[in-house]
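Single-structure report; data block below.
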Amino acid sequence: MNFIEEIIEEDIRNNKNDAKVKTRFPPEPNGYLHIGHAKAICIDFGMAQKYGGTTNLRFDDTNPVKEDVEYVDSIREDIHWLGFQWAEEHYASDYFEQLYQWAEQLIQEGLAYVDDSTQEEISAMRGVPTKPGTHSPYRNRSVEENLDLFRRMRAGEFPDGSKVLRAKIDMDSPNMHMRDPIMYRILHAHHHRTGDKWCIYPMYDYAHGQSDSIEGITHSICTLEFEVHRPLYDWFCEALKIHHPQQIEFARLNLSYTIMSKRKLMQLVQEKHVMGWDDPRMPTICGLRRRGYTPQSIRNFAETVGVAKRDNIIDVSLLEFCAREDLNKVATRTMAVLDPVKLIIDNYPEGQTEEVDAVNNPEDPNAGTRKLPFGKELWIERADFREVADKKFYRLTIGSEVRLKYAYIIKCTHIDKDAEGNITAIHVTYDPETKSGLPLSNRKVKATIHWVNVNHAQEAEVRLFERLFNVPDPDECEEGQTFIDHINPDSLHVTKAFVEETINLNNKADYYQFERTGYFCVDKDSTDGHLVFNKTVSLKQ
RNA sequence: UGACCAAUGGUGUAAUGGUAGCACUACAGUUUUUGGUACUGUCUGUCUAGGUUCGAAUCCUGGUUGGUCAACCA
C-alpha cells in the first residue's frame, strides 16, 4: 500500500467527505502528455477506481497565451487510449466568473488589493527566500478603491502588466508563495474557449484549489513541486470558506536516457531533432503508442514504479520489460528477416513450393495457425551463419545442422562469395524425413532459425530505434552544455527487410513479434505497396 | 546564513517498534522447434553519530547528502 492509499483509507475510516473519493487529472493544454503524465493519470484514476470513486478531467486553461485546442484534443485521445474514462470534463475557464466573484469577496474582506507596481518592483519587494519581503505602497488601499480598480481591470481600462490583484497574506513568510501572491494579471489575449470575454486571467494558485473545490474533489493529487503551494491552496479555501479538498504530493517520474520536461520536448520537436511529438523515440504517450507500446504495458509500468515522495530515476529497462511482458502475450508471431542472406537448398526440387504450418502465438492457443510457403531459396539472417564459429555459437556454420522453423533440418555444405569476400549465398542440403510433424523431426539440433521464401516474401521498411540520448541523465550538463548536446546522433536506423507476404494494411495485427528478433508494429507512414514497421523493443537476448 | 520535503542493494519499491521482502537489472542453471517465454538459483541494501527501548529501517536529536521554493507559467 502506498502513502496516498494510506491517507485515503484513513479518511474513509474517519468518514471524511462521507467516505467518498473524487479525484481529478488537471493538465494544462500547452503540450502533449508524456509517460510522466501517464503515471499521474494512473494514480488519479487508479485511486478513484480502487475506492469506488470517480475522476474528472479538468483542463487548467488559465494562461491563454500558451494554450491551444490542438493540445486539448491530443490529451483527451491519450487518456482514452490509456484506458481511462473521466466522469466529467471541465475547464478552469468555466469557473472564471465564479473566481471573479470570489476575488471581489476577498477584496471586500480586506484580503486582496490591486497593486500598480511594475513586475520588477513586485519582484524586488518580494525579497528572497532567506530575507523577508517589503510591503507594496499600494497594500493599504481602501476596499472601495480596490473594488473600483479591479472592476475597471476587468472592463479593460488598463494595459497589460499595469496592475495586478494580490492576496494580502504575509510578506515575511519564509514561504515565498505566501508573500502576497498575485491572483490576477491583465492579459488582452484571445482564449481558446472564452474568446475575448476576459482581459484578466487568474493565476494557477488562485484557480486550482477553487476549481477542485467547485467540483467537490476530495483528494487533489499532484507532484512534489507543488508542495510549497499547499499553504496557499489551503489559505484560499479557508478564506473563501468553501469545500476544502486535500492536496497530496508525490514524486514525479523520471526515466533514464530521456527527458520529461514539456518545454524541452517541445524544443526537440521545433528544432527537428525528432519527427514530431509522436516520434517513436519520444517519451510522449503518442510516441509510445506509435512505437508499439500497449496501453496495458504502460499501466503495468505505472503500477510497478510505485508512488513515493523521494526523487527517482527509473531505469528504462523497466519500461522495456513491461513492454515485452505484455507484448509476449498479445503479439502475433511472424517471420521477418532484417539483414538477409540467401540460403539455397541444393537437394530441394527446383520450382517446388510446399506449405508448412506456423503457430501465430505460442502463448495464446486461440490465435491459431497459418500456412507458410516453403521452397528451395530462402532468406535467412546474415547473423545466423558464421564461417568461423566459436564454441558459444550454435547456429549455422559449414558442416553443422540447424532446424528451419516449422520446416526441415538442414546442413550447410558450402558458401558463395563475391570478389570482396562477402557471402552471397549459403548452400545447404535438407533431410526430407525431418519435416516438422514427422517422427524424425524430433531429432535434437542445436538451434532453430527463421526464414522467409525468396519468391513469396515482401520487402518492407523497418525503423530501428536507439535511445534518443546517450547519457542516463541528459539534464546533467557540463558548463556551457545543454541536454541537446547529449542527443544520440545515431538513434534512428532505417533498413529494408523481407517479411511474410500475408501482412498488408487490410490484414494486419496491432502488434507483431518478428520471431527471434523483437516486437514491431506497423507505422502510420505505411501505404498499400510499402509497409513500414517500427521496432518497439528487442527480445531479450 | 532561510523554509519545506526526502534518504532501504546498480534502479525502484515494501516492511507502520519484533525474521529486511518484492520487481527490474546482472550472472548462472532447467525446459524449449524463438539464444524468446516459463521455472530455479546467485550477487548486492537500511546515509552518519548519538539517544529511547528487552528489541529501531521504523521513534527522538545533531550532522551529511539530494530535491523544491525568489514567473504577471502551470
Side-chain angles (χ1 to χ4, degrees), chain A residues 1-3 6 26-28 30-31 60-63 65-67 92 115 117-119 122-124 126-133 160-166 173-179 181-187 200-201 203-205 207-208 222-231 249 251 253 256 262-263 303-322 324-325 328-329 333 335 359 362-363 392-395 402-407 409 436-437 441-450 472 513-519 538-541:
Chain A
M1 188 162 65
N2 67 52
F3 80 98
E6 282 174 16
E28 182 188 13
N30 70 342
D60 230 330
D61 56 351
T62 56
N63 185 5
V65 301
K66 285 190 177 174
E67 294 150 9
D115 195 328
S117 307
T118 64
Q119 199 166 149
I122 288 177
S123 175
R126 188 155 31 220
V128 292
T130 50
K131 293 255 171 59
D160 288 2
S162 59
K163 283 179 172 46
V164 291
L165 183 72
R166 291 228 257 170
S173 173
N175 183 337
M176 298 295 288
H177 297 281
M178 300 300 275
R179 321 246 263 227
I182 291 170
M183 295 164 59
Y184 274 92
R185 74 282 215 191
I186 300 171
L187 233 42
I200 56 172
Y201 290 93
M203 300 288 290
Y204 165 84
D205 284 306
H208 198 93
C222 62
T223 46
L224 237 37
E225 66 269 28
F226 292 100
E227 205 158 27
V228 283
H229 293 247
R230 183 164 14 105
E249 311 87 11
L253 172 78
S256 63
K262 268 200 226 178
R263 200 203 91 231
E303 179 68 29
T304 307
V305 298
V307 185
K309 296 191 76 157
R310 94 180 76 151
D311 294 308
N312 58 79
I313 301 181
I314 308 290
D315 202 319
V316 276
S317 64
L318 182 61
L319 218 210
E320 293 173 348
F321 165 81
C322 292
R324 290 189 191 102
E325 184 189 41
N328 177 51
K329 294 180 203 150
R333 309 298 134 122
M335 304 266 237
V359 175
E363 307 292 322
K392 286 198 170 161
F393 183 82
Y394 44 99
R395 282 162 284 169
V402 299
R403 186 192 310 278
L404 291 170
K405 185 148 183 155
Y406 302 129
I409 294 175
S436 293
S441 72
N442 290 329
R443 200 168 90 219
K444 290 275 180 219
V445 283
K446 280 199 158 172
T448 299
I449 65 171
H450 64 278
Q513 183 196 98
F514 288 1
E515 296 255 6
R516 303 208 302 130
T517 305
Y519 295 99
S538 294
L539 251 31
K540 247 183 115 183
Q541 47 286 61

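Treat the numbers as computed from the prediction; the structure is a model and nothing was measured. Lettering of chains follows the sequences in order, A, B, ..., and the numbering in each one begins at 1.
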statement: With both pairing distances under 3.5 angstrom for Watson-Crick or G-U wobble, and | for a partner in another strand, the correct string for RNA chain B is .((((((..((((....[..)))).(((((.......)))))....(((((..]....))))))))))).....
Separation between the C1' atoms of B:C47 and B:U8, rounded to whole Å: 10 Å
Letter per nucleotide, 5' to 3', of nucleotides 68-73 of chain B [B base touched, S only sugar-phosphate touched, - untouched; heavy atoms, 4.0 Å]: SSBSBS
message: Tell me the interatomic distance from A:Asn312, atom CG, to B:U8, atom C1', rounded to whole angstroms.
response: 15 Å
Gap between atom CD of A:Gln119 and atom CZ of A:Arg185 - 0.5 Å precision: 10.5 Å
query: Rounded to whole angstrom units, what separation is found between the CD1 atom of A:Ile314 and the P atom of B:U13?
result: 6 Å
- line: When rounded to whole Å, the CD to P distance for the pair A:Glu249 and B:C5 reads 10 Å
task: For B:A57 and B:U19, measure between their P atoms and round to the nearest Å.
output: 10 Å
- prompt: How about A:Met335 and A:Phe514: do any of their side-chain heavy atoms sit closer than 4.5 Å?
  reply: no
- request: Please determine which of A:Glu67, A:Arg263, A:Lys262, A:Lys66 meets the side-chain hydrogen bond (donor to acceptor under 3.5 Å, both in side chains) test together with A:Asn30.
  value: A:Lys262
message: Once side chain to side chain donor-acceptor pair (under 3.5 Å) is applied, what residue pairs with a partner in residues 303-313 of chain A remain, sequence neighbours excluded?
response: A:Glu227-A:Lys309
- request: Select from A:Leu318 and A:Lys309 the residue whose nearest nucleotide in RNA chain B is closer to the 5' end of that strand.
  value: A:Lys309
- request: Pick the P atom in B:U52 and in B:U61, then give their distance to the nearest Å.
  value: 15 Å
- prompt: Say you pick atom C1' in B:U58 and the same atom in B:U44; how far apart are they, in whole Å?
  reply: 23 Å
field: Protein proximity profile, nucleotides 31-39 of chain B - base contact B, sugar-phosphate-only contact S, no contact -, cut-off 4.0 Å on heavy atoms
entry: -SBBBBS--
field: A:Leu539 side chain near A:Thr517 side chain, heavy-atom distance below 4.5 Å
entry: no
- request: Could you give the distance separating B:G12 and B:A28 at their C1' atoms, to the nearest angstrom?
  value: 24 Å
query: Looking at side-chain heavy atoms only, is the closest gap between A:Arg230 and A:Glu249 below 4.5 Å?
result: yes
query: B:U25 and B:G36: how far apart are their P atoms, nearest whole angstrom?
result: 13 Å
task: Describe the nucleic acid contact of A:Val359 in one word from base, sugar-phosphate, nothing, applying a heavy-atom distance below 4.0 Å.
output: nothing
- prompt: Within the side chain of A:Arg395, is there an N or O that forms a donor-acceptor pair under 3.5 Å with the backbone of A:Thr448?
  reply: no
- prompt: What interatomic distance, in whole Å, is found between C1' of B:G63 and the corresponding atom of B:U11?
  reply: 27 Å
- request: Mind checking side chain to side chain contact (heavy atoms under 4.5 Å, CB included) for A:Met178 and listing every partner two or more places apart, or none if nothing turns up?
  value: A:Ile169, A:Ser173, A:Asn175, A:Pro231, A:Leu232, A:Trp235
- request: Please name all residues satisfying side chain to side chain contact (heavy atoms under 4.5 Å, CB included) with A:Ser436, sequence neighbours left out, ordered by chain then number.
  value: none
- prompt: Is there a side-chain contact between A:Ile200 and A:Leu187, using heavy atoms and a 4.5 Å cut-off?
  reply: no
- prompt: Rounded to whole angstrom units, what separation is found between the CD atom of A:Glu320 and the C1' atom of B:A26?
  reply: 15 Å
message: So A:Asn63 and A:Glu28, do their side chains get closer than 4.5 Å, heavy atoms only?
response: yes
- prompt: Taking atom P of B:C24 as reference, at what distance in whole Å does atom CD1 of A:Ile313 sit?
  reply: 21 Å
- prompt: Taking the six-membered ring for Trp, are A:His177 and A:His229 parallel (under 30°), tilted (30 to 60°) or perpendicular (over 60°)?
  reply: tilted
field: Whole-angstrom distance between B:A49 and B:C43, as gauged at atom C1'
entry: 30 Å
